[in-house]
Amino acid sequence: MFIGHYAPALAARALPNAPGLAAGFIAVQLIDVGFMTLTLLGIEKWAVNLTLPGLNPLDFYYMPYTHSLLATALWGLAFGLAYALFVPAGKRLAGGIIIFALVVSHWLLDLPVHRPDLGLIGDDAHKYGFSLWNWPLIAAPLELAVFGGAMAIYIGATRPRNWLGNITPWIFVVVLVGAQVFNWLGAPPASTVEFASLGLLAYAVVAVLGLAMDATREVIPKET
């Protein structure tokens, strides 16, 4: 899953004291940022397996430090506390909790699509995953629907600050859908360096797009 992970951050923008999109986008992909980094260091492992059916011919066979539920919660706790240090006092509690929830949402959204490679505590003997990647005609429309629904919530909860605010969401959609199609149809990565570099670059680009959307759109105030 790629663009589906951004759905919680888009939808959360409608909540009071919610973090900006850039922080939210980093939060929802934080454990993948960690995974990419740890693979470069040779700590977590993956391999191409062309015998796997359906989407994503990658076997994520060792990622206890990022993709176990306990590890994900610890990453979320750390990022939530770090976020709270840099925002006004009135937004710390709500913002930190939302950031924590966004980080944990990654594991919860991975669960339906991943093959059984998600542990609960670490490199557990029994891992979880409902394997929707094996059925592309279910997985692909589901991910697009989750992303599209969240975009609708975001558009409904915000308004343009200027004329660019009418354009930036569509730039965002085109870039993310294009990246997702490349992810589905492109050749498997040839090396760990290629895999991690492209992934980290994609996450950085999306975070920048989040900054652009926040600069050109604002949350519509709630009527009291």
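Values in this document were obtained by computation on a predicted structure and should not be read as measured data.
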Can you tell if the side chain of [X] reaches within under 4.5 Å of the side chain of [Y], non-hydrogen atoms only?
{"X": "F147", "Y": "L10", "result": "yes"}
{"X": "I121", "Y": "D124", "result": "yes"}
{"X": "L50", "Y": "P188", "result": "yes"}
{"X": "T66", "Y": "M63", "result": "yes"}
{"X": "S105", "Y": "V28", "result": "yes"}
{"X": "L209", "Y": "I171", "result": "yes"}
{"X": "T192", "Y": "W46", "result": "yes"}
{"X": "N49", "Y": "P57", "result": "no"}

When F35 is tested against each of W107, F60, Y203, Y62 for ring-ring contact (aromatic ring centres under 6.0 Å, His included), which residue passes?
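Of the listed options, the one satisfying the test is F60.
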
[atom1]-[atom2] distance between [X] and [Y], expressed to the nearest 0.5 angstrom:
{"X": "W170", "Y": "I167", "atom1": "CH2", "atom2": "CD1", "result": "12.0 Å"}
{"X": "I31", "Y": "W75", "atom1": "CD1", "atom2": "CH2", "result": "9.0 Å"}
{"X": "I98", "Y": "R13", "atom1": "CD1", "atom2": "CZ", "result": "9.5 Å"}
{"X": "D110", "Y": "M1", "atom1": "CG", "atom2": "CE", "result": "7.5 Å"}
{"X": "L55", "Y": "W184", "atom1": "CG", "atom2": "CH2", "result": "7.0 Å"}
{"X": "K91", "Y": "N17", "atom1": "NZ", "atom2": "CG", "result": "6.0 Å"}

What about the rings of F100 and F79, do their centers lie closer together than 6.0 Å?
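Judged by ring-centre distance (under 6.0 Å), F100 and F79 do not meet the cut-off.
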
Determine whether the aromatic ring centres of residues F172 and F25 are separated by less than 6.0 angstrom.
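Distance test on ring centres: under 6.0 Å, yes.
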
Would you say that more than 12 heavy atoms from the other residues, nucleotides or ligands in this model lie under 6.0 Å from the OH of Y61, or not?
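Yes, enclosed.
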
Should we say atom OH of Y65 is surrounded by more than 12 heavy atoms from elsewhere, each under 6.0 Å from it?
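It does not: Y65 OH has 12 such atoms or fewer within range.
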
Locate the shortest heavy-atom distance separating [X] from [Y]; write the atom from each residue and the value.
{"X": "A73", "Y": "V104", "answer": "CA-CG2, 4.2 Å"}
{"X": "P19", "Y": "I99", "answer": "CG-CD1, 3.8 Å"}
{"X": "I153", "Y": "A14", "answer": "CG2-CB, 4.5 Å"}
{"X": "P64", "Y": "A71", "answer": "O-CB, 3.5 Å"}
{"X": "A215", "Y": "N162", "answer": "O-ND2, 4.5 Å"}
{"X": "P189", "Y": "L58", "answer": "CD-CD2, 4.0 Å"}

Pairing of R115 and D59 as salt bridge, 4.0 angstrom limit:
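No, no charged N to carboxylate O under 4.0 Å.
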
Which residue in the set H114, E143, H5 passes side-chain contact (heavy atoms from CB on, under 4.5 Å) when paired with L109?
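For L109, the side-chain contact (heavy atoms from CB on, under 4.5 Å) check succeeds only for H5.
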
Polar contact flag, side-chain donor to acceptor under 3.5 angstrom, [X]-[Y]:
{"X": "E218", "Y": "T158", "answer": "no"}
{"X": "T216", "Y": "T168", "answer": "yes"}
{"X": "D32", "Y": "H67", "answer": "yes"}

Does [X] belong to the same Ile/Leu/Val/Met/Phe/Trp/Tyr cluster as [Y], with side-chain heavy atoms less than 4.5 Å apart forming each link?
{"X": "L85", "Y": "L74", "result": "no"}
{"X": "W133", "Y": "L111", "result": "yes"}
{"X": "L201", "Y": "V208", "result": "no"}
{"X": "F2", "Y": "L30", "result": "no"}
{"X": "V177", "Y": "L137", "result": "no"}

When you measure from the side chain of [X] to the backbone of [Y], do you find a donor-acceptor pair of N or O atoms at a distance under 3.5 Å?
{"X": "T39", "Y": "M36", "value": "yes"}
{"X": "R159", "Y": "I220", "value": "no"}
{"X": "S131", "Y": "N134", "value": "no"}
{"X": "D214", "Y": "R217", "value": "no"}

Quick one, Y6 with L21, criterion side chain to side chain contact (heavy atoms under 4.5 Å, CB included). Give me CA distance, side-chain angles, the key distance, then yes/no.
CA-CA 9 Å; Y6 292 102; L21 286 179; over 6 Å; no

